[in-house]
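This structure is a prediction, so every number in the text was calculated from the model and none was measured.
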Amino acid sequence: MPRDPVHREQYVAIGRVLKPRGLGGEAFLHPLTDFPERFQVLKRVLVQRPDGNRTTLGIDRVRNCGRRMAVKFLDIDTPDAVAPLRGSELLVPADDVYPLPEGTFYVFQIVGLKVKTEEGMEVGRVVDVLSHPGNDLFVVQREDEGEALIPAAKDLVRIDLAGGRLVVKNVDGLLDR
């Protein structure tokens, strides 16, 4: 399950600006997407600063820089000019995420879903997805306080995006405290 992008209202974060790089106004870029090739066609992006303020910036180029990536925004030509963007997230409309194969979902689509058993018992709400080698784990804030970890295994859960829920098989011990 792709970890990113991260949902921010009707936008998703696809990258985070890191420290300035060189003297020409570039900054290192940490991709928050499983599809970094998307940066090669990106012309404009909504930039959300750490304080929550947003601005739209043009993209001059994004390139590989060793094992990292670097971004150059239009009209930002010095390290001092790009430095205030450090920690900012690059956002695109949620409609612009790359399509996934059937039966796979972005984390932002899962977080917030109601969790119910097949019998209809309310369990709680998905608050996070933890990535593990065997399979991901859904972190569920339980209705009756506390958290439950539910393996993201197709034989245990069914994701119903249209219904806004994740349906869990009531396997002995899975939802016990």
Side-chain angles (χ1 to χ4, degrees), residues 1-17 29-57 59 62 69 87-177:
M1 174 176 317
R3 284 293 303 160
D4 294 300
V6 180
H7 189 253
R8 300 279 184 267
E9 298 161 27
Q10 68 270 40
Y11 293 92
V12 290
I14 60 166
R16 182 171 297 115
V17 180
L29 173 67
H30 174 69
L32 297 175
T33 175
D34 286 342
F35 305 102
E37 63 273 13
R38 74 175 302 136
F39 291 108
Q40 301 309 316
V41 296
L42 196 61
K43 299 296 179 203
R44 298 188 73 68
V45 69
L46 184 62
V47 178
Q48 180 170 305
R49 297 174 190 253
D51 64 7
N53 287 327
R54 293 179 174 178
T55 187
T56 301
L57 292 176
I59 302 285
V62 177
M69 297 183 84
S88 297
E89 291 181 331
L90 306 184
L91 307 176
V92 296
D95 295 343
D96 287 349
V97 297
Y98 274 36
L100 296 174
E102 189 172 325
T104 58
F105 305 92
Y106 284 110
V107 170
F108 80 87
Q109 293 175 303
I110 305 297
V111 171
L113 292 180
K114 290 182 181 180
V115 179
K116 296 183 177 188
T117 65
E118 289 179 318
E119 295 79 27
M121 180 182 83
E122 298 269 344
V123 176
R125 192 172 291 278
V126 178
V127 294
D128 198 4
V129 179
L130 304 176
S131 188
H132 287 278
N135 53 286
D136 292 344
L137 293 171
F138 299 123
V139 180
V140 178
Q141 181 64 50
R142 297 176 64 107
E143 294 285 328
D144 59 355
E145 299 300 319
E147 289 183 340
L149 297 177
I150 299 174
K154 289 182 182 187
D155 57 336
L156 289 178
V157 298
R158 180 174 50 86
I159 297 169
D160 176 11
L161 287 183
R165 63 186 174 180
L166 186 142
V167 180
V168 182
K169 286 188 178 182
N170 199 0
V171 176
D172 283 340
L174 182 63
L175 299 173
D176 295 343
R177 295 206 156 259

Visitor: Which pair of non-hydrogen atoms, one from Pro151 and one from Asn135, has the smallest distance, and what is that distance?
Guide: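 So the two residues come closest at CB-ND2, 3.3 Å.
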
Visitor: Taking Gln141 for the side chain and Gly146 for the main chain, is one N or O donor matched with an acceptor at less than 3.5 Å?
Guide: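 Between the backbone of Gly146 and the side chain of Gln141 there is a qualifying donor-acceptor contact (under 3.5 Å).
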
Visitor: Please name the pair of heavy atoms, one in Ser88 and one in Val47, separated by the smallest distance, quoted to 0.1 Å.
Guide: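 That closest heavy-atom pairing would be CB-CG1, 3.6 Å.
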
Visitor: Using the side-chain contact (heavy atoms from CB on, under 4.5 Å) rule, take Asp128 and Phe138 through it: C-alpha gap first, then chi angles, then the decisive distance, then the call.
Guide: CA-CA 6 Å; Asp128 198 4; Phe138 299 123; over 6 Å; no

Visitor: One pair to check against side-chain contact (heavy atoms from CB on, under 4.5 Å): Val139 and Val126. What are the steps and the verdict?
Guide: CA-CA 6 Å; Val139 180; Val126 178; over 6 Å; no

Visitor: Just by distance, do the side chain of Gln109 and the backbone of Tyr106 share a donor-acceptor pair under 3.5 Å?
Guide: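 Yes; at least one donor-acceptor contact below 3.5 Å.
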
Visitor: Are Thr33 and Arg38 close enough, and set up right, to give a side-chain contact (heavy atoms from CB on, under 4.5 Å), and what steps lead you there?
Guide: CA-CA 9 Å; Thr33 175; Arg38 74 175 302 136; 4.2 Å; yes

Visitor: Does the pair Arg54 and Leu91 meet the rule for a side-chain contact (heavy atoms from CB on, under 4.5 Å), with working shown?
Guide: CA-CA 9 Å; Arg54 293 179 174 178; Leu91 307 176; 3.8 Å; yes

Visitor: Give the minimum heavy-atom separation between Phe105 and Ile110, together with the two atoms involved.
Guide: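 Nearest pair, atom of Phe105 first, then Ile110: CB-CD1, 3.7 Å.
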
Visitor: Please report the shortest heavy-atom distance between Val127 and Val111, naming the atom on each side.
Guide: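 Taking Val127 first and Val111 second, the nearest heavy atoms are O-CG1, 3.8 Å.
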
Visitor: When you look at Lys169 and Glu118, which way does the salt bridge (Lys or Arg N to Asp or Glu O under 4.0 Å) test go after all the steps?
Guide: CA-CA 6 Å; Lys169 286 188 178 182; Glu118 289 179 318; 5.0 Å; no

Visitor: If you measure from CG on Leu90 to CG on Leu32, what distance do you get to the nearest 0.5 Å?
Guide: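 Answer for the CG-CG pair, Leu90 versus Leu32, is 8.0 Å.
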
Visitor: Who are the salt bridge (Lys or Arg N to Asp or Glu O under 4.0 Å) partners of Arg125, not counting sequence neighbours?
Guide: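 In terms of salt bridge (Lys or Arg N to Asp or Glu O under 4.0 Å), with neighbours along the sequence ignored, Arg125 is linked to no residue.
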
Visitor: As a test of understanding, state which of His30, Arg16, Arg49 forms a side-chain hydrogen bond (donor to acceptor under 3.5 Å, both in side chains) with Glu89.
Guide: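 Testing Glu89 for a side-chain hydrogen bond (donor to acceptor under 3.5 Å, both in side chains) against His30, Arg16, Arg49 leaves exactly one candidate, Arg16.
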
